[in-house]
Every structure is written in C-alpha cells, then in structure tokens.
Asks: 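I have a structure here, written as structure tokens, and I will follow up with some questions on it.
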Amino acid sequence: MRIAAGVLLIIVGIMNGLAGMGYAAAGGAGELAKEAAAQAAANTDTSKMNAEQKAQVEKAQADIKKATGDANTGGMAIFGIFLIVMLALQIAGAVTLFMQKAAKFIMVVAVLGLVAELGGMAFGVPFGITNILGIVASILAFLAARSIAAGPAAA
C-alpha cells in the first residue's frame, strides 16, 4: 500500500502543480484586467465625447466587467500557489512513504491533499476524476502513514 500511495501522490502532485499554474495565471490575469479597467475608467474623460463615443466606452467597460465578473481572482491566484506548493509536499510525502519515515508529515500532506482536491470547487471547478484520484491518493497515504506509525508487523 505504501508504494501505491507514493506513486499516486507523485501523479497527483504533478497534476496539482499543473492546475496550480493555471489557477495562478488565471487569477493574476483577472486581477490585472480588473485593475486596468478601473484605471481606464478613472482616466477616461467623457465630457469631450459625443453620444456614440460615450456609448462605446460604456460598452467596453461593461464587457470588461462581464469578463472579469465578480470572480475572486486574488483567491484563485493564492489557491494556485497553494497547489504548486502541494506539488513539492506530495512528492516529499511520497519519498518519505518509500523510506517508511515521518508518518506525521505524511498524515499532514494527506489532509492538505484532501483540502486541495475539495478547494477547487470553491472556484466553480466541477468535481471530476482527477479529484477522485487525489482523494484516493490522500486516503491511501494516510492509511500507509498510520501503518508506519504503528511500527513493524509482528512476525
């Protein structure tokens, strides 16, 4: 079970790292778009524009607001960084599983792995097969860590 849990942790860690890069990039881009829209709105002088130009400016501002929406882009970027950190933690957890050491560390990584898999739903990401794989890996890692903590089996 240790080997299976370790291999699954590595696979899930890589998937979390890739997803984390996507979350961080999307969150950062969303924040930049919101800031750019706010600056453009503040710097736009509509007093010298005719009605058609004012309508075009208002439509562009509405489009930007619709694109960025009320999304928590800052939270998305932070969650992406968390997932990238999970890549390192899950690989370290897999290595310690292979070495049969640091059971408490593995348990912490397993719990954080569950948080990572369920955290994506907060941003509207549908629950899928990759989440199930991550949950299974975390549960197996937790059970393997408990067996490591219990010590060697009696002969």
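For reference, positions follow the sequence shown, starting with 1. Keep in mind that this is a model prediction, so the values were computed, not measured.
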Asks: Could you see if V136 belongs to whatever hydrophobic cluster contains I10? Use Ile, Leu, Val, Met, Phe, Trp, Tyr and a side-chain cutoff under 4.5 Å.
Replies: yes
Asks: Cluster question for you: counting only ILVMFWY and a side-chain heavy-atom cut-off of under 4.5 Å, with indirect links fine, are L140 and V111 together?
Replies: no
Asks: What residues, two or more places apart in sequence or in another chain, satisfy side-chain contact (heavy atoms from CB on, under 4.5 Å) together with L133?
Replies: L8, I11, V12, M15
Asks: Treat each ILVMFWY residue as a node, draw an edge where side-chain heavy atoms are under 4.5 Å apart, and state whether L112 and I78 are in one component.
Replies: no
Asks: Test of understanding: with side-chain contact (heavy atoms from CB on, under 4.5 Å), list the residues that count as partners of A103, not counting sequence neighbours.
Replies: A145, I148, A149
Asks: Could you measure the distance from the CE atom of M1 to the CG atom of L97? Nearest 0.5 Å is fine.
Replies: 9.5 Å
Asks: Closest approach of I132 and F127, non-hydrogen atoms and distance?
Replies: CG1-CE2, 3.6 Å
Asks: Mind jotting down which residue pairs meet the side chain to side chain donor-acceptor pair (under 3.5 Å) criterion with at least one end in residues 1-14? Sequence neighbours excluded, please.
Replies: none
Asks: Is V108 linked to V85 within one hydrophobic cluster, defined over Ile, Leu, Val, Met, Phe, Trp and Tyr using a side-chain heavy-atom separation of less than 4.5 Å?
Replies: yes
Asks: For residues A26 and M76, report the shortest heavy-atom separation together with the two atoms involved.
Replies: CB-SD, 3.9 Å
Asks: Does F105 reach the side chain of L89, with side-chain heavy atoms less than 4.5 Å apart?
Replies: yes
Asks: Nearest 0.5 angstrom please: M99 CE to I106 CD1, how far?
Replies: 9.0 Å
Asks: Return the set of residues passing side-chain contact (heavy atoms from CB on, under 4.5 Å) with A116 (not counting sequence neighbours), or none when no residue passes.
Replies: N16, F82, L83, M86
Asks: Do I14 and L87 come close enough that some side-chain heavy atom pair is under 4.5 Å?
Replies: yes
Asks: Could you work out, with side-chain contact (heavy atoms from CB on, under 4.5 Å) as the rule, every residue matching A24, not counting sequence neighbours?
Replies: none
Asks: Sequence neighbours left out, what pairs pass side chain to side chain donor-acceptor pair (under 3.5 Å) with at least one residue falling in residues 126-138?
Replies: E117-N131
Asks: Treat each ILVMFWY residue as a node, draw an edge where side-chain heavy atoms are under 4.5 Å apart, and state whether M107 and L114 are in one component.
Replies: no
